6 protein chains.
Amino acid sequence: MRETGREIDQLRSIDIQTNFTKHAEGSVLITVGDTKVICNASVEDRVPPFMRGSGKGWITAEYAMLPRATETRNIRESSKGKVSGRTMEIQRLIGRSLRAVVDLDAIGERTVWVDCDVIQADGGTRTASITGAFVAVVHALGKLLEEEKIKSLPITDYLAAISVGVLPDGTEILDLEYSEDAQAHVDMNVVMTGKGEFVELQGTGEEATFTSTQLTKMLALAEKGLKEIFKIQADTIKPYQENIEQS
Amino acid sequence: MRETGREIDQLRSIDIQTNFTKHAEGSVLITVGDTKVICNASVEDRVPPFMRGSGKGWITAEYAMLPRATETRNIRESSKGKVSGRTMEIQRLIGRSLRAVVDLDAIGERTVWVDCDVIQADGGTRTASITGAFVAVVHALGKLLEEEKIKSLPITDYLAAISVGVLPDGTEILDLEYSEDAQAHVDMNVVMTGKGEFVELQGTGEEATFTSTQLTKMLALAEKGLKEIFKIQADTIKPYQENIEQS
Amino acid sequence: MRETGREIDQLRSIDIQTNFTKHAEGSVLITVGDTKVICNASVEDRVPPFMRGSGKGWITAEYAMLPRATETRNIRESSKGKVSGRTMEIQRLIGRSLRAVVDLDAIGERTVWVDCDVIQADGGTRTASITGAFVAVVHALGKLLEEEKIKSLPITDYLAAISVGVLPDGTEILDLEYSEDAQAHVDMNVVMTGKGEFVELQGTGEEATFTSTQLTKMLALAEKGLKEIFKIQADTIKPYQENIEQS
Amino acid sequence: MRETGREIDQLRSIDIQTNFTKHAEGSVLITVGDTKVICNASVEDRVPPFMRGSGKGWITAEYAMLPRATETRNIRESSKGKVSGRTMEIQRLIGRSLRAVVDLDAIGERTVWVDCDVIQADGGTRTASITGAFVAVVHALGKLLEEEKIKSLPITDYLAAISVGVLPDGTEILDLEYSEDAQAHVDMNVVMTGKGEFVELQGTGEEATFTSTQLTKMLALAEKGLKEIFKIQADTIKPYQENIEQS
Amino acid sequence: MRETGREIDQLRSIDIQTNFTKHAEGSVLITVGDTKVICNASVEDRVPPFMRGSGKGWITAEYAMLPRATETRNIRESSKGKVSGRTMEIQRLIGRSLRAVVDLDAIGERTVWVDCDVIQADGGTRTASITGAFVAVVHALGKLLEEEKIKSLPITDYLAAISVGVLPDGTEILDLEYSEDAQAHVDMNVVMTGKGEFVELQGTGEEATFTSTQLTKMLALAEKGLKEIFKIQADTIKPYQENIEQS
Amino acid sequence: MRETGREIDQLRSIDIQTNFTKHAEGSVLITVGDTKVICNASVEDRVPPFMRGSGKGWITAEYAMLPRATETRNIRESSKGKVSGRTMEIQRLIGRSLRAVVDLDAIGERTVWVDCDVIQADGGTRTASITGAFVAVVHALGKLLEEEKIKSLPITDYLAAISVGVLPDGTEILDLEYSEDAQAHVDMNVVMTGKGEFVELQGTGEEATFTSTQLTKMLALAEKGLKEIFKIQADTIKPYQENIEQS
């Protein structure tokens, strides 16, 4: 049992609310414990200059935190006039992950903009963003399908993410909240498809290292947690579920 | 009756949810029709350089919209690397308004940061921000009072804001939603105290003008609406209400 | 009588020098007491991207102060790499005001750039900018008319601005100079047309409020002052005067 | 055999030239095939503000490419006025990796700045940077030791990095050069210590995924390659080698 | 005789108006033909960080053009968010030139800020700036002397600047106006002291070259012109003139 | 004899290594004493917007220093988000100089980008950059000639640069290294063609002046040094040498 009262392989409670705001084609509020992220997917009928004429679409993601999403207030990145390295790293990760399960050829020359805005942070904001963004993108592309702008749902598989890590006492744990993340020696983010294949694997020892054995244990925890998450996602994309499972 | 089904002097339904996020000293989600703004007030135990040693506090505000708060997606200001003129204008307005009803001498060398983040926009985001921010600031200063860091609640009066305007057919109306705002010839924002005094008055004719008679009518509409809003605010600051009325 | 020796409803001496610099289509040096602003209007034969193909023109304004226009030197905004909120607020105000009296359809796909550069500041720089800019724009559009690029002068009315305010002792005064502005509890800028209609009304109490009665008194002072200013403007636009009065 | 003529588990030829420039405390030119990176380590006798008074040191890294390090010229990041997400991601990776093998408490309130500048790029610039930077840091800290500013070499282990990946035909390969990287479905960077523990693991499928089996194969290739690299590093830090092995 | 009606060694008419604006310690409007520059010298009672504790003062210069100082409107550098290379080059030149004739030790830990703002441009704005700035600095330091903050006028000599050039037909000319500058093959700016020594010499062939003979002729023209300018400057600094000639 | 052991008219040893990196059309490492600069010339098949349709080409230069090229580490300009005035001045100088000896009409609508990156600095980095850049440009244009994209080598003459200066004791010297540059009263950079004509002449007295006699002596030293440099350049452009001498 961890200090937070959870088992080492226990996820926090997860809730995914769809149609959260009214303008976005896909809009989700994902809650993972005390972490809350709004994931909006917007469809734009053109692609970035380097892709024009390719007949292919694009998915890109942006990530931000409200200044007081965290325990002490952070300076707004628009006020600083630049986006931090951490933010860039996260938004590149979200974008790459989504592109792995979307058939970009099938969406035509369109861009799907995914905006992940953290309302409240308690660890795991980047993995919650990916998990929520997947649902938002399914809804946005589902809307294109309903409007008959595309012929089938161009989603090749489920996609979700979770963090795993190693506590100072050497225990591997699943789904770190902030108090655990702050002291962990190793922090690993795993992005996986419904078929159990890896999309991204980012393991980091900050002033520490990890062994091959620890890696194996962490990956097992991640896989267990992700299987539970795919089920929660399935409920939120009912109308499109069948299309994904067929693909 | 307007196209939106409201009377010319009818407010949209307003809801103010307090303790919306867990970290901020004061946290409010204000809903005015389809406009939704998170207003977080954060207390920092220091003031900007130009005020150090003055013994006096400061209140400052920042305002932003999520990229897809609007019908079409806006580019994130952090990505553009600069804050737009519109945003600056609004955050200066919110800050000045709040400073008119807070006794800055009484809060000591502290800064209250007010963050207004628009989740969903349908007109009137700046006035909703002021109305919600007032409640968030009362909660944040109330917490200082409970922690005995200050001796009394340094709020001198209620504060709220509403928009009024003139439709192309010449009708003066209260509380413009986006479809009305987009076609209005005149748009005026009125910020008022509970005693009925003006804090800010910003009337603008975009490619149009307005007469003295129209001004009088608009101000009457604003006053009517603001009286209703003060009652809604009162419910959300119950524990502190008495302190404000005494002042 | 005020400390400055002026009556409460007395304007400072105003001078408007036309053809001040040689390159601009309209060039004015406006002097209001010790406040001096160069207002240059430049005509460009294209409009911003969002207006192309509309057949309509655009007017936009920029405002700046020389670093030593003020009592202590200000850091140059080009050195800071960004324009302050105050500057943005002012240049948006100037642009909107001018657009209210110019028939944008009639100028064709042209942009009028108005540059207001404060050489010396002693209060009221934004209102002096508007008053001077109107004359510069009339001259610039007058030149288009002489060159037969447009058929008539697309100016629908006179336009001028003045400040009014409330001193700490409660007196309402007209045309605040810097020493008055620095202590005033209320500061209001009024932009009006020759017909006496409002274009912009911006009243602000910095850490103070104002009543309906005070508003009425301030508006009366503003109207008196603006009538005098329209006469001064009339002398500077002699060749075009008739065209405006007809419209 | 790969198209490049190498075996699937064969490294490119690696050369590490020390004392490459004269000013830096540690200066290395690392050559990995056609990839060439200058790694300079500079010691500064102070730490960033957030660490002052902690008695602890810091290591931070910056990474850049000469505009024509690549096949087509890239715009200089100083000309663009901002650092790209890719650059930020890489410099954060290099810094974190080095901090895992340096005893920051033992270097006192000093900052080691590591500058990795890519002179010529042919794939694997970030892993070459880490491998070269380790040697530069050992030289820089060795100099501190010789000057008796620190008591022992505060390096806890060797550190090197290599890339592995999966070709479109499913083959796992070691040390991707650019032509391979451009077509690979999976790209993984492995940062490891001399004892064989992981410091960083970053596996990425761009529009693709990878299985657990592929992960295992890639990690085995990486380990084989890194063992060879540690031997090459050992030759370049002869005077300090014993100190590291003891720790 | 040149196309402009001037002799090859003839200056344009020069006028230097002192006390041009009221706030600056030294304020000059210099007119050279149709080129007009406001030169303000401001004294600040501190030096930049790198000079603190040195007991020595500093002079620094900034240069800008009003957007419509030129024939076609230039984008304001504050709007672009960065200062151009041309502007930087000029302001560094002005600063260096002034520092050559001011005894920085004698002014104490003070900074003299020199702001050269071009109101109207017709060639030679940088040389006019230097010539005018010298007078503004003498006035500003003269004021310090009158206030007994310094013991003597810390100016070691007169300072002025002029341009010379070579026309396409090979003629060397003095004081190029814009129409000449635009076609000249060689453009040289000469900054000289009253004793006839060089402070700066910047000769440039844009897509052209110049011979040693041409250099000699240009320098002779410059010297002739500068002698005339020193006389004009002398009239504007009457009260301080003696102090300079003694030094 | 100078403190550095060189005669007053003695150059440091110069080495120009061609084909230094593999991607650039022309790539040079120039070594002048301890100053080392990589000069890469890249050919792009288009010109900047203001030149499109002119049929003419363009040459532009960028200059940077590695952070630890100098004795103490400099902050990277990309991290600061802006290019310093010194850098801008230097890259404008390099670009102008090269344009003086290249027939821009003959290269067609192409841009030659010249990147001068200082690896190690010991004075004279801007002159070494020009000398090396000339060779890189000859190689890049030579490649165009070999590919028959142009008809003849569009180089009209040799081009090189050197610094001269005046030591505090009044001695004029050639080719200042850093220890001399730091104390020199006068610093002059001379850019010359093979025929002995001037392209650029930039003489600067920092808090000092220089006489006409000193100018003459410095120019003589520069000419002597440059003649030696042209010979060194000739060896590095053997295949193209004849083409230049004919022109």
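On a predicted model such as this, the values are computed, not experimentally measured, just so you know. Letters A, B, ... are given to chains in the order of the sequence lines, protein chains preceding strands, and every chain is numbered from 1.
Around the CZ atom of A/Arg52, the shell of radius 6.0 Å holds more than 12 heavy atoms that belong to other residues, nucleotides or ligands. Summarising the local packing, CD of A/Glu147 is surrounded by more than 12 heavy atoms from other residues, nucleotides or ligands at distances under 6.0 Å.
Interface summary for chain A: among B/Gly81, B/Ala41, B/Ala121, the most heavy-atom pairs under 4.5 angstrom belong to B/Gly81. Between chain B and the residues A/Asp115, A/Ile38, A/Asp122, the largest count of heavy-atom pairs under 4.5 Å involves A/Asp115. For chain B, the option among A/Thr70, A/Val83, A/Thr87, A/Ile119 with the highest count of heavy-atom pairs below 4.5 Å is A/Thr70.
Between the side chain of A/His23 and the main chain of B/Arg73, no donor-acceptor pair closer than 3.5 Å is present.
Across every non-hydrogen atom of B/Asn40 and A/Arg68, the tightest pair is ND2-CB, 3.9 Å.
Proximity to chain B (any heavy atom under 4.5 Å) is shown, for A/Glu25, by both the backbone and the side chain. A/Ala64 touches chain B through backbone and side chain together, each having a heavy atom under 4.5 Å away. Contact of B/Glu62 with chain A is made through backbone and side chain together, with heavy-atom distances under 4.5 Å.
For the atom pair B/Leu66 CG and A/Ser27 OG, the distance stands at 9.0 Å (nearest 0.5 Å). Taking CD of B/Gln91 as the reference point, atom OG of A/Ser79 lies at 6.0 Å (rounded to 0.5 Å). The CH2 atom of A/Trp113 sits 7.0 Å away from the CD1 atom of B/Ile75 when rounded to the nearest 0.5 Å.
You'll find the side chain of B/Thr72 stays beyond 4.5 Å of the side chain of A/Ser42, heavy atoms only. By the 4.5 Å heavy-atom criterion applied to side chains, A/Arg76 and B/Ser78 are not counted as neighbours.
A salt bridge does not link B/Lys22 to A/Glu71: none of the charged nitrogens lies less than 4.0 Å from a carboxylate oxygen.
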